[in-house]
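To start, the structure itself, in structure tokens.
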Amino acid sequence: MLRPLNIYGNIVAYMADQEWIIPTCGRLLFAATLFMYFINSGLTKIGQGFSGALSPSMGAYAQILPKAFEAAGYDPSGLGMHQHIIVYAGILAEFILPVLIVLGLFTRIAALGLIVFVMVQSFTDVLGHGQVDALGGWFDRFPDSTILDQRSFWVFVLLTLVIKGGGPFAVDRLAGLRSSRLQNAL
């Protein structure tokens, strides 16, 4: 009986020493499941053509600030400067943060930014768009709600990257951008 327990103990000890597995798998899982989601979502918020990247689409305002945009008569000029900044920041976040995570460049900060983004996105979906049915509930028998169930897993993967960083195959590490003091602080 001791032999199988020793083998198990050796395997567990070996796996515990492999610190590269969790952050590498986290970034790979993010790239495989969420990267294109965020990029495609960002693409729905920009206008057409080259100049469209500098001009949010009507859909951007409707998606990010649904009630404020409705109150402005669906006219972006009726919104305040801070609301335009929120829309631009949301669009930039959907493009820049996922790319940083996949590359492993400033992974911890980018993952933390996306956690905040997902939380704001979830509140907007429920409070702004009225998607109360998509909220779902934890500890029920249905694991398919869009907001609480799915986005909890998203946040878990992102939180893992906040804690573990990008791993040994991250641009940060490969380029030598990480100092041990900075790594210990983060």
Review point. Does S41 reach the main-chain N or O of Y37 with its side chain, forming a donor-acceptor pair under 3.5 Å?
Key: no
Practice item. Enter the distance from L29:CG to T24:OG1 here, rounded to the nearest 0.5 Å. Key: 12.5 Å
Practice item. Determine the interplanar angle of the F69 and Y61 rings, folded into 0 to 90°, and report it as parallel if under 30°, tilted if 30 to 60°, perpendicular if over 60°. Key: parallel
Review point. Is D172 salt-bridged to R108, going by a charged N under 4.0 Å from an acidic O?
Key: no
Practice item. Taking the side chain as every heavy atom from C-beta outward, state whether L100 and I109 have any pair of such atoms under 4.5 Å apart. Key: no
Check your understanding: Does some side-chain heavy atom of F106 sit less than 4.5 Å from a side-chain heavy atom of V171?
Key -> no
Point to revise | Aromatic plane relationship, F38 with F30 - under 30° parallel, 30 to 60° tilted, over 60° perpendicular | key: parallel
Check your understanding: Is atom CG of D133 surrounded by more than 12 heavy atoms (other residues, nucleotides or ligands) closer than 6.0 Å?
Key -> no
**Study point:** Spacing of CG belonging to L105 relative to CG belonging to L174, to within rounding of 0.5 Å
**Key:** 11.0 Å
Exercise for review: Considering non-hydrogen atoms only, spot the tightest contact between A111 and L161 and give its length.
Suggested key: CB-CB, 3.9 Å
Practice item. Write down the atom of L112, the atom of V162, and the distance for their closest heavy-atom approach. Key: N-CG2, 3.5 Å
Point to revise | Q18, CD: over 12 other non-hydrogen atoms inside 6.0 angstrom | key: yes
Point to revise | Student check: side-chain heavy atoms of T124 and P66 closer than 4.5 Å | key: yes
Check your understanding: Side-chain contact, heavy-atom cut-off 4.5 Å: I7 with I11?
Key -> yes
**Study point:** Where L148 and W138 come nearest, the two heavy atoms and their spacing
**Key:** O-NE1, 3.1 Å
Point to revise | Nearest atoms (heavy-atom pairs only) where I39 meets V99 | key: CD1-CG2, 4.5 Å
Review point. Distance from S122 atom OG to Q131 atom CD, nearest 0.5 Å?
Key: 10.0 Å
Study note, to complete from the structure: Between G165 and P23 the two heavy atoms that sit nearest each other are O-CB, 3.2 Å
Review point. Once you round to the nearest 0.5 Å, how far does CE of M119 lie from CZ of R151?
Key: 12.0 Å
Point to revise | Separation of R173 CZ from T107 OG1 (nearest 0.5 Å) | key: 10.0 Å
Check your understanding: Closest heavy-atom contact between D149 and F153?
Key -> O-CD1, 3.3 Å
Exercise for review: State the OG-CG distance between S152 and L159, to the nearest 0.5 angstrom.
Suggested key: 11.5 Å
